[in-house]
2 protein chains.
Amino acid sequence: MNDTFKALSDPTRRKILQLLKDKDLSAGEIASHFDISKPSISHHLGILKQARLVQDERQGQSMIYSINLSVMQEAMGWFLGLIGAKGGPPDE
Amino acid sequence: MNDTFKALSDPTRRKILQLLKDKDLSAGEIASHFDISKPSISHHLGILKQARLVQDERQGQSMIYSINLSVMQEAMGWFLGLIGAKGGPPDE
DNA sequence: CTTATATTTAGATGATAAGCTAAATATTAA
DNA sequence: TTAATATTTAGCTTATCATCTAAATATAAG
């Protein structure tokens with residue numbers, strides 16, 4: 001869970017997730033959306049991957065990245081736990 | 001939005017929010033839940049406050065902190081935007 | 001007014017993190 | 001096998017961040 005929030009704390013990484021929401025993209029295609037060097041984007045992708053927020057799969061020379069929505073949902077569960085029941089003890 | 005995610009990226013600050021979910025607490029009461037110096041906790045509270053995730057109000061010698069759920073909901077809205085509609089263009 | 005309590009501010013330090021360039025790896029194609 | 005393309009790894013630099021101690025501020029009580 002900590003890895004998840006750490007990964008989400010960077011605006012470049014959040015934007016990457018928004019790009020991947022629309023469609024799977026290669027590392028190079030992702031990098032083309034930013035004014036940041038490809039090695040730096042690769043580093044961000046590695047952090048997202050370690051947090052399991054994205055998955056990658058080789059396709060020829062390219063690495064195709066896709067979003068992992070189940071981990072996103074876990075993080076959202078944390079929010080729901082906070083928002084859902086202010087005040088009272090849990091489950092009562 | 002960036003301040004929000006930055007604030008949420010630290011485990012101590014997330015735990016503070018969980019404490020405040022159950023009930024409002026003074027800075028000292030919050031600090032007593034951690035093995036961290038009071039100035040450090042005060043620093044964390046300042047970051048949460050700047051992100052408007054918490055509010056504070058003086059009560060005698062104490063500062064009483066409370067959670068601001070509306071900002072939490074904004075952050076959750078970001079998640080919903082990502083999870084809600086994978087694949088297709090937005091609103092279609 | 002002086003002392004005690006609660007909290008924050010200041011200043012310093014060590015760790016993390018984001019960015020870069022250059023070099024290494026992996027795959028495809030000639 | 002050699003050259004071209006795509007991506008990652010290595011190594012470095014700079015900036016940000018979490019933490020600490022010591023000092024400052026604010027309120028309450030004697």
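In what follows, chains carry the letters A, B, and so on, assigned in the order in which the sequence lines appear, proteins first and then strands, with residues in each chain numbered from 1.
Under 4.0 angstrom from either OP1 or OP2 of dT8(D) there lies at least one side-chain N or O belonging to Tyr65(A). The phosphate of dC17(D) (OP1 or OP2) has no side-chain N or O of His44(B) nearer than 4.0 angstrom. The side chain of Ser37(A) places an N or O atom within less than 4.0 Å of a non-bridging phosphate oxygen (OP1 or OP2) of dC20(C). At dT7(D), none of the side-chain N or O atoms of Ser42(A) fall inside 4.0 Å of OP1 or OP2 (strictly under the cut-off). Note on Arg58(A): a side-chain N or O is less than 4.0 Å away from OP1 or OP2 of dT27(C). Phosphate contact (OP1/OP2 of dT7(D), side-chain N/O of Ser26(A), threshold under 4.0 Å): present. Look at Arg13(B) and you'll find a side-chain N or O under 4.0 angstrom from OP1 or OP2 of dA18(D).
Heavy atoms of Phe34(B) sit nowhere under 4.0 angstrom from any nucleic acid atom. Residue-level contact check: Ile47(B) touches the backbone only, with heavy atoms under 4.0 Å from sugar-phosphate atoms and none from bases. The residue Ser40(B) sits close to a base: some heavy atom pair falls under 4.0 Å. Contact annotation for Lys49(B): no contact, since no heavy-atom pair falls under 4.0 Å across all strands.
When all heavy atoms are compared, the tightest approach of Asp3(A) to Ala51(A) is O-CB, 3.7 Å. Taking each heavy atom of Tyr65(A) and Ala27(A) in turn, the nearest pair found is CE1-CB, 4.0 Å.
Atom CD in Gln59(B) sits about 15 Å away from atom C1' in dA26(D), given to the nearest Å. Look at NE2 on His43(A): it is 21 Å from P on dA23(C), rounded to the nearest Å. Distance, Ile36(A) CD1 to dG19(C) P: 4 Å, rounded to whole Å. What separates CG of Asn2(A) from P of dT16(C) is a distance of 12 Å, to the nearest Å. Going from atom CG of Asp10(A) over to atom P of dT16(D) covers 13 Å, rounded to whole Å. The CG atom of Leu25(B) sits 11 Å away from the P atom of dT7(C) (whole-angstrom rounding).
Classification of the Trp78(B)-Phe5(B) ring pair by plane angle, with boundaries at 30° and 60°, yields perpendicular.
For Arg52(B) (side chain) and Val54(B) (main-chain N/O), no donor-acceptor pair under 3.5 Å exists by modelled atom type.
Residues Ile41(B) and Thr12(A) each lie close to DNA chain C; by heavy-atom proximity, the contact nearer the 5' end of the strand is made by Ile41(B).
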